[in-house]
Amino acid sequence: MKVIIDEKVYYLDVEPNTPLLWVLRDNLNLTGTKFGCGVGQCGACTVLVDGVVSRACQTPIDSVVNSKITTIETKEDKTVQKLQKFWIKEDVVQCGYCQSGQIMNAAGLLKENPKPNDDEIISAMNGNICRCGTYNKIKTAIKAATVEV
């Protein structure tokens, strides 16, 4: 089956119900997308599928054939790159484990709503768990990314 990940085309021979997360990590060695809870609740595995936030641990590979999948490892997506820059500038990361999912969820938000207010950011990011509690810094980084021209 054909999948498009970070602007590259891959042809895979995997079971159709294999979760996208395991295809990324085990078959393609794209390990920036993390395994957290395995049930789509924590957000560590967040990617974009055709620009829409998706939990890779709950997304069967056959459901994304010919879709455009964007991961934290993208070199092409300007929104993800801008968020990464502000994540560093605002010193968001502590342990860092959840941050790829946080950034991808934020990218999905900014693609849908380029100028979200604080309540919209909080609502959109709800469900991405950070055990270190960097939620205020995450919100600050997202806000900073919205004002850059």
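Here CD of E120 is found 4.0 Å from CG of N117. Values are rounded to the nearest 0.5 Å. The CG atom of L109 sits 9.0 Å away from atom OG of S123, with the distance rounded to the nearest 0.5 Å. Atoms OG and CG, from S54 and L21 in turn, are 11.5 Å apart once rounded to the nearest 0.5 Å. Taking NZ of K143 as the reference point, atom CD1 of I121 lies at 5.0 Å (rounded to 0.5 Å). Separating the CG atom in L20 from the CZ atom in R25 is a distance of 12.0 Å, to the nearest 0.5 Å. With rounding to the nearest 0.5 angstrom, the CG atom of L24 is 6.5 Å from the CD1 atom of I69.
Scanning for side-chain contact (heavy atoms from CB on, under 4.5 Å) contacts around E73 gives D6, L30, T71, with sequence neighbours left out. Listed by chain and number, the residues in a salt bridge (charged side-chain N to carboxylate O under 4.0 Å, His left out) with E15 amount to none (sequence neighbours excluded). In terms of the side-chain contact (heavy atoms from CB on, under 4.5 Å) criterion, residue partners of I122 (sequence neighbours excluded) are, by chain and number, K139. Residues passing the side-chain hydrogen bond (donor to acceptor under 3.5 Å, both in side chains) test with K89, sequence neighbours excluded: none. When the ring-ring contact (aromatic ring centres under 6.0 Å, His included) test is applied to Y10, no partner is found at least two apart in sequence or on another chain. The side-chain hydrogen bond (donor to acceptor under 3.5 Å, both in side chains) search around T74 returns none, not counting sequence neighbours. Not counting sequence neighbours, the partners of K2 by the side-chain contact (heavy atoms from CB on, under 4.5 Å) test are I4, V9, Y11, N66.
Other cluster members for I88: none, since no ILVMFWY side-chain heavy atom sits under 4.5 Å from it.
Contacts classified as side chain to side chain donor-acceptor pair (under 3.5 Å) and involving residues 27-39 (residues at least two apart or in different chains) are not found. Among residue pairs with one or both ends in residues 60-70, those qualifying as salt bridge (Lys or Arg N to Asp or Glu O under 4.0 Å) are E7-K68; sequence neighbours excluded. Note on residues 91-112: pairs passing side chain to side chain donor-acceptor pair (under 3.5 Å), not counting sequence neighbours, are D77-K111, W87-Q99, N105-N128. Applying the ring-ring contact (aromatic ring centres under 6.0 Å, His included) test to residues at least two apart or on different chains, the pairs with a partner in residues 27-81 are W22-F35.
Nearest approach of T140 to E90, heavy atoms of both residues: CG2-OE1, 3.3 Å.
Between I5 and L28, some side-chain heavy-atom pair lies under the 4.5 Å cut-off. Between K82 and L110 the shortest side-chain heavy-atom distance does not fall below 4.5 Å. In this structure, V23 and V3 have side chains that are not in contact, with every pair of non-hydrogen atoms separated by 4.5 Å or more. In this structure, the side chains of C98 and C130 come closer than 4.5 Å at one or more pairs of heavy atoms.
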